[in-house]
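Note that these values count all heavy atoms, side chains included, but never hydrogens, waters or copies made by symmetry.
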Amino acid sequence: MGKLLLFDLDGTLLKSDKTISVRTLAALTRCRNYGYLIGVSTSRSEQNCLSFLGELNPDILITSGGALVKKNEDYIYKAVFSVGRTKELIETAREVCGLDCEISIDTTDKHYWNYKTDPKKADQSWGDSIWTDFRDFSEEALKMCVEIFDEVKAKQLEKVLADCDGLRFSDGFWYKYTRKGVTKENSIKIVCDSCGISVSDIIAFGDDYADIGMLKMAGTGVAMGNAIDDVKAIADVVIGSNDEDGIAEYLESI
């Protein structure tokens, strides 16, 4: 079987307007015809992620920062916090960061938030996300994100949530928490086992902190031209930005 092309979404496969360019889709179709598998690895929830992919129909879908993995139509990995532990995570975040801190939760089929300003009014990419005050939240969570402006509090929360894997996003003050050891790179190992390929068969594309691990482990790690410096520093290749058809230009050359 061919190699796996694995893409982060925001700042990578998606342009700034949250679409995939026609040229990139054509390049991906060409690669698929040559036997490459197409995969997406993102911190977004599955349902939110699918709203951007249109006709792409990836063979592999890694969502919620690695907590949910789908191969074609089948889930091959799911790492959830229990209902009780999810409640504890929310309560702990509020104790450390304040009762009014902004939180989002991914479940298997929904995305919840308690923001003071409705994000859907400013950005349609939020899709069918649901507002809640989280007071009586009673679902299993794949991922919790918390907005934390105080780095001291962020470190304190990371210390208290010892059973979580925490990571900050570069475009703001948001931190994601999944179960300990649940990362994009560990989910990629599961994909490799399921598909019978090696990590050396993967060409991975990314731009942010959460992509560093997968770019390091892939046979070829590709940083976008708009990537943060830490990503560019560990990448094997740096290409054009997400708004310059960097991915299409690269794929057309392989």
Side-chain angles (χ1 to χ4, degrees), residues 7-14 16-20 39-54 56-58 60-70 73 75 77-94 97 100-148 157 161 164-179 182-184 187 206 208-211:
F7 303 92
D8 172 52
L9 270 188
D10 296 277
T12 303
L13 189 60
L14 298 180
S16 294
D17 65 1
K18 305 301 180 184
T19 65
I20 304 174
V40 168
S41 179
T42 177
S43 291
R44 287 183 180 270
S45 66
E46 179 186 357
Q47 295 306 314
N48 188 245
C49 167
L50 290 174
S51 67
F52 302 102
L53 299 183
L56 180 60
N57 295 320
I60 301 296
L61 199 57
I62 299 172
T63 54
S64 294
L68 193 63
V69 183
K70 199 172 189 179
E73 298 303 316
Y75 292 110
Y77 179 70
K78 182 187 294 187
V80 297
F81 296 106
S82 68
V83 171
R85 183 56 181 147
T86 299
K87 289 182 178 179
E88 291 174 352
L89 293 176
I90 294 168
E91 291 169 1
T92 302
R94 286 176 157 164
C97 305
D100 63 343
C101 69
E102 297 194 343
I103 296 171
S104 69
I105 293 283
D106 286 356
T107 65
T108 302
D109 58 353
K110 295 182 181 68
H111 179 80
Y112 294 91
W113 51 274
N114 69 342
Y115 307 162
K116 301 172 188 68
T117 303
D118 186 346
K120 291 187 282 188
K121 291 182 178 179
D123 184 353
Q124 294 303 309
S125 70
W126 283 87
D128 296 326
S129 296
I130 303 167
W131 185 90
T132 177
D133 61 12
F134 288 118
R135 289 181 184 176
D136 298 310
F137 196 76
S138 58
E139 294 192 44
E140 295 179 332
L142 293 163
K143 182 191 72 176
M144 176 177 75
C145 287
V146 185
E147 188 175 36
I148 312 172
L157 185 59
L161 300 182
C164 295
D165 190 282
L167 186 73
R168 179 179 174 177
F169 298 112
S170 68
D171 58 343
F173 297 90
W174 284 92
Y175 295 76
K176 75 91 183 173
Y177 300 92
T178 49
R179 278 176 42 186
V182 175
T183 59
K184 287 185 177 183
S187 291
D208 207 348
Y209 294 118
D211 305 319

So which heavy atom on [X] is nearest to which on [Y], and how close?
| X | Y | result |
| --- | --- | --- |
| Leu142 | Phe81 | O-CE1, 4.2 Å |
| Ser45 | Thr63 | C-CB, 4.0 Å |
| Leu157 | Cys97 | CD2-SG, 4.1 Å |
| Cys101 | Ala93 | SG-O, 3.9 Å |

Rounded to the nearest 0.5 Å, what separates atom [atom1] in [X] from atom [atom2] in [Y]?
| X | Y | atom1 | atom2 | answer |
| --- | --- | --- | --- | --- |
| Ile103 | Asn114 | CD1 | CG | 5.5 Å |
| His111 | Cys49 | NE2 | SG | 13.0 Å |
| Ser41 | Leu61 | OG | CG | 9.0 Å |
| Glu102 | Lys116 | CD | NZ | 4.0 Å |
| Ile105 | Trp113 | CD1 | CH2 | 14.5 Å |
| Thr12 | Leu14 | OG1 | CG | 8.5 Å |

Side-chain H-bond candidate by donor/acceptor type, Asp208 with Ser170, under 3.5 Å: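 There is such a pair between these side chains.
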Residues forming a side-chain hydrogen bond (donor to acceptor under 3.5 Å, both in side chains) with Tyr209, sequence neighbours excluded: none
Residues which pass side-chain hydrogen bond (donor to acceptor under 3.5 Å, both in side chains) with Ser64, listed by chain and number, not counting sequence neighbours: Asp106
Compare all side-chain heavy atoms of [X] with those of [Y] and state whether any distance is below 4.5 angstrom.
| X | Y | answer |
| --- | --- | --- |
| Thr42 | Ile62 | no |
| Val69 | Tyr75 | no |
| Thr183 | Thr178 | no |
| Val146 | Leu89 | no |
| Trp174 | Arg168 | no |
| Leu9 | Lys18 | no |
| Phe137 | Thr86 | yes |

Test: Glu91 and Arg94 ion pair at under 4.0 Å: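 Judged by the 4.0 Å cut-off on N to carboxylate O distance, Glu91 and Arg94 do not form a salt bridge.
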Salt bridge flag under 4.0 Å for residues Arg44 and Asp10: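 A salt bridge links Arg44 with Asp10.
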Asp136: partners by side chain to side chain contact (heavy atoms under 4.5 Å, CB included), with sequence neighbours left out: none
Lys110: side chain to side chain contact (heavy atoms under 4.5 Å, CB included) partners, not counting sequence neighbours: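 So Lys110 forms a side chain to side chain contact (heavy atoms under 4.5 Å, CB included) with Thr107, Tyr112, Ile130.
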Test salt bridge (Lys or Arg N to Asp or Glu O under 4.0 Å) applied to Glu46 and Lys143, Lys78, Lys70, the passing residue: Lys70
Ring pair (Phe, Tyr, Trp, His ring centres under 6.0 Å) partners of Phe7, counting only residues at least two apart: Phe205
Pairing residues for Phe173 by the ring pair (Phe, Tyr, Trp, His ring centres under 6.0 Å) criterion, not counting sequence neighbours: Phe149
Short side-chain to backbone donor-acceptor contact, Arg179 and Val80, under 3.5 Å: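 Yes, Arg179 side chain to Val80 backbone: donor-acceptor pair under 3.5 Å.
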Mutual orientation of the aromatic rings belonging to Tyr175 and Tyr177 [parallel < 30°, tilted 30-60°, perpendicular > 60°]: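 Geometry flag for Tyr177 against Tyr175: parallel rings.
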